[in-house]
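One structure is given below, encoded as structure tokens.
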2 protein chains.
Amino acid sequence: MSEAGVNTGVDMLHGYSIKQTSEITGITEDTIRYYEKIGLLPRAQRKENSHRIYSDHDIETMKLITCLKKTGMSLDDMRPYLDLSLDSNLSEYPELHEMILNHKQKILDQIASLQQIVDLIDSKIDQNFLGPQECELTGDRKKMPVRRTIR
Amino acid sequence: MSEAGVNTGVDMLHGYSIKQTSEITGITEDTIRYYEKIGLLPRAQRKENSHRIYSDHDIETMKLITCLKKTGMSLDDMRPYLDLSLDSNLSEYPELHEMILNHKQKILDQIASLQQIVDLIDSKIDQNFLGPQECELTGDRKKMPVRRTIR
DNA sequence: GATTGACTTGGAGCTGACTCCAGGTTATAC
DNA sequence: GTATAACCTGGAGTCAGCTCCAAGTCAATC
């Protein structure tokens with residue numbers, strides 16, 4: 001039951017080794033194991049020799065983690081998103097649905113924050129000192145929706 | 001030389017105590033001292049009894065820190081922004097100028113990331129599974145400028 | 001059968017960003 | 001004069017998120 005030295009990159013049963021997976025996703029092997037350890041990723045399939053094997057679907061999940069991380073989300077907070085990409089039917093879980101909508105609003109707020117900083121930079125570059133203008137996101141009041149198109 | 005019990009909130013010389021500053025900015029006293037300790041904030045003015053006093057300008061700086069933190073920026077990365085709000089003439093420091101522009105691009109990329117996640121959420125909500133669509137931000141290639149208006 | 005390389009596990013160590021605490025000072029209130 | 005409150009300093013502890021390491025397994029190669 002050995003496929004003696006297949007070099008096509010993809011192993012038997014369309015599985016990737018942890019090394020390959022690391023190369024594909026840009027996540028280090030250690031970090032992949034760490035994500036499994038803390039339960040962010042489900043326990044990976046193993047070969048008889050207990051080596052982990054990953055599917056394309058696993059890889060997509062990891063890419064999603066990277067993507068969510070870029071938005072500043074904590075590993076804990078992204079768990080529902082990962083569940084979301086596994087079992088497909090969102091409407092069956094109204095709680096999750098609400099949670100996701102909630103998070104969407106947070107992200108929109110975050111975009112507004114970022115946009116204000118971009119504006120601050122622009123005004124700093126255009127003029128010389130930013131006088132009355134100021135980042136308004138320090139309070140916890142409702143934010144204005146950003147209507148500006150991103151340049 | 002004592003203003004015996006002025007309760008107007010603002011002390012002599014238009015200075016705020018660390019407690020007042022904490023209340024105004026929402027940053028804890030400990031954290032304000034920590035920011036000073038690591039040099040993110042300049043050493044605060046002191047009264048004769050060595051208590052810190054803060055100006056409106058200091059408060060603005062702290063609000064800016066809060067704002068930048070919301071965008072996921074590290075304390076280290078935000079140093080140039082704080083310098084920027086202190087000495088006004090950006091054009092005198094071409095290196096800083098470039099750094100800021102660089103950072104602006106990063107923020108724009110980050111906005112694009114966030115927007116894609118919002119899209120992902122929307123498509124997840126609208127349809128049931130996201131098929132071909134996927135977060136494209138895992139690679140390090142140049143990103144498309146986001147042209148969409150934020151909802 | 002010894003070496004090499006890709007893995008395994010469990011656990012220790014590290015960095016950033018706080019957060020907490022002990023011990024000390026100073027001013028005002030009782 | 002003693003208690004209380006608001007500060008001070010220096011340093012230790014905490015948590016998230018890795019990152020590194022030692023000791024072991026297993027398969028293929030020399």
Side-chain angles (χ1 to χ4, degrees), chain A residues 1-7 9-12 15-41 43-54 58 62 64-79 82, chain B residues 1-7 9-13 15-41 43-54 58 62 64-79 81-82:
Chain A
M1 226 186 258
S2 61
E3 338 264 278
V6 182
N7 262 2
V10 181
D11 239 33
M12 56 171 187
Y16 304 92
S17 72
I18 194 164
K19 191 178 192 184
Q20 290 173 319
T21 304
S22 168
E23 278 160 6
I24 294 165
T25 62
I27 303 174
T28 69
E29 298 177 37
D30 263 329
T31 301
I32 293 171
R33 288 192 205 98
Y34 169 70
Y35 286 164
E36 185 179 315
K37 202 188 285 187
I38 63 167
L40 189 66
L41 291 172
R43 184 175 158 83
Q45 291 275 101
R46 309 292 164 124
K47 297 203 280 193
E48 330 78 58
N49 61 6
S50 79
H51 286 195
R52 290 167 177 85
I53 37 172
Y54 294 101
D58 293 327
M62 292 183 209
L64 182 58
I65 290 173
T66 304
C67 188
L68 292 172
K69 257 171 62 63
K70 283 197 183 176
T71 73
M73 195 181 294
S74 76
L75 298 185
D76 244 48
D77 286 352
M78 64 179 68
R79 284 174 205 273
L82 302 184
Chain B
M1 224 189 259
S2 60
E3 338 263 281
V6 183
N7 262 1
V10 180
D11 239 35
M12 59 171 187
L13 301 168
Y16 303 92
S17 73
I18 193 164
K19 190 179 192 184
Q20 290 172 320
T21 304
S22 169
E23 278 158 8
I24 294 165
T25 62
I27 304 173
T28 70
E29 298 178 37
D30 263 330
T31 301
I32 292 171
R33 287 192 207 99
Y34 169 70
Y35 287 164
E36 185 180 314
K37 203 188 281 187
I38 63 166
L40 188 65
L41 291 172
R43 183 176 160 81
Q45 292 276 102
R46 310 289 163 124
K47 295 202 280 192
E48 329 77 57
N49 61 6
S50 80
H51 287 195
R52 290 166 177 84
I53 35 172
Y54 294 100
D58 293 327
M62 292 183 209
L64 181 58
I65 290 174
T66 304
C67 186
L68 292 172
K69 256 171 64 61
K70 283 198 183 173
T71 72
M73 195 181 294
S74 75
L75 298 184
D76 243 50
D77 286 352
M78 64 179 68
R79 285 173 203 274
Y81 283 84
L82 304 183

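Residue numbering restarts at 1 for every chain, and letters A, B, ... go by the order of the sequence lines. It should be emphasised that the depicted structure is a prediction, and the values quoted were computed from it without experimental measurement.
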To the nearest Å, give me how far apart [atom1] ([X]) and [atom2] ([N]) are.
X: Glu48(B); N: dT28(C); atom1: CD; atom2: C1'; result: 15 Å
X: Lys47(B); N: dA6(D); atom1: NZ; atom2: C1'; result: 9 Å
X: Leu41(A); N: dC18(D); atom1: CG; atom2: P; result: 11 Å

Can you list everything that forms a side chain to side chain donor-acceptor pair (under 3.5 Å) with [X]? Sequence neighbours excluded, please.
X: Ser50(B); value: none
X: Thr31(A); value: Thr28(A)
X: Asn49(A); value: none

With side chains defined as the heavy atoms from C-beta onward, is the minimum distance between Leu41(B) and Ile65(B) less than 4.5 Å?
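When only atoms from C-beta onward are counted, Ile65(B) and Leu41(B) do touch, with a gap below 4.5 Å.
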Can you find a heavy atom in the side chain of Tyr34(A) that is under 4.5 Å from one in the side chain of Leu75(A)?
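Yes, at least one pair of side-chain atoms sits under 4.5 Å.
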Residues in side chain to side chain contact (heavy atoms under 4.5 Å, CB included) contact with Glu36(B), at least two apart in sequence or another chain
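In terms of side chain to side chain contact (heavy atoms under 4.5 Å, CB included), with neighbours along the sequence ignored, Glu36(B) is linked to Arg43(B), Ala44(B), Arg46(B), Arg52(B), Tyr54(B).
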State which residues pass side chain to side chain contact (heavy atoms under 4.5 Å, CB included) with Glu29(B); sequence neighbours excluded, sorted by chain then number.
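Expected list: Ile18(B), Lys19(B), Ser22(B), Arg33(B).
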Global bending angle along the helix from dG1(C)-dC30(D) to dC30(C)-dG1(D), which compares the axes of five pairs at either end, to 10 degrees:
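The end axes of the helix from dG1(C)-dC30(D) to dC30(C)-dG1(D) are about 30° apart, to the nearest 10°.
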Could you run through nucleotides 7-25 of chain C and give me one letter per nucleotide, 5' to 3': B if any protein heavy atom sits under 4.0 Å from the base, S if only the sugar-phosphate is that close, - if neither?
SBB-B-----BBBB-----
CE on Met78(B) to SG on Cys67(B), rounded to 0.5 Å
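Reported value, rounded in 0.5 Å steps: 9.5 Å.
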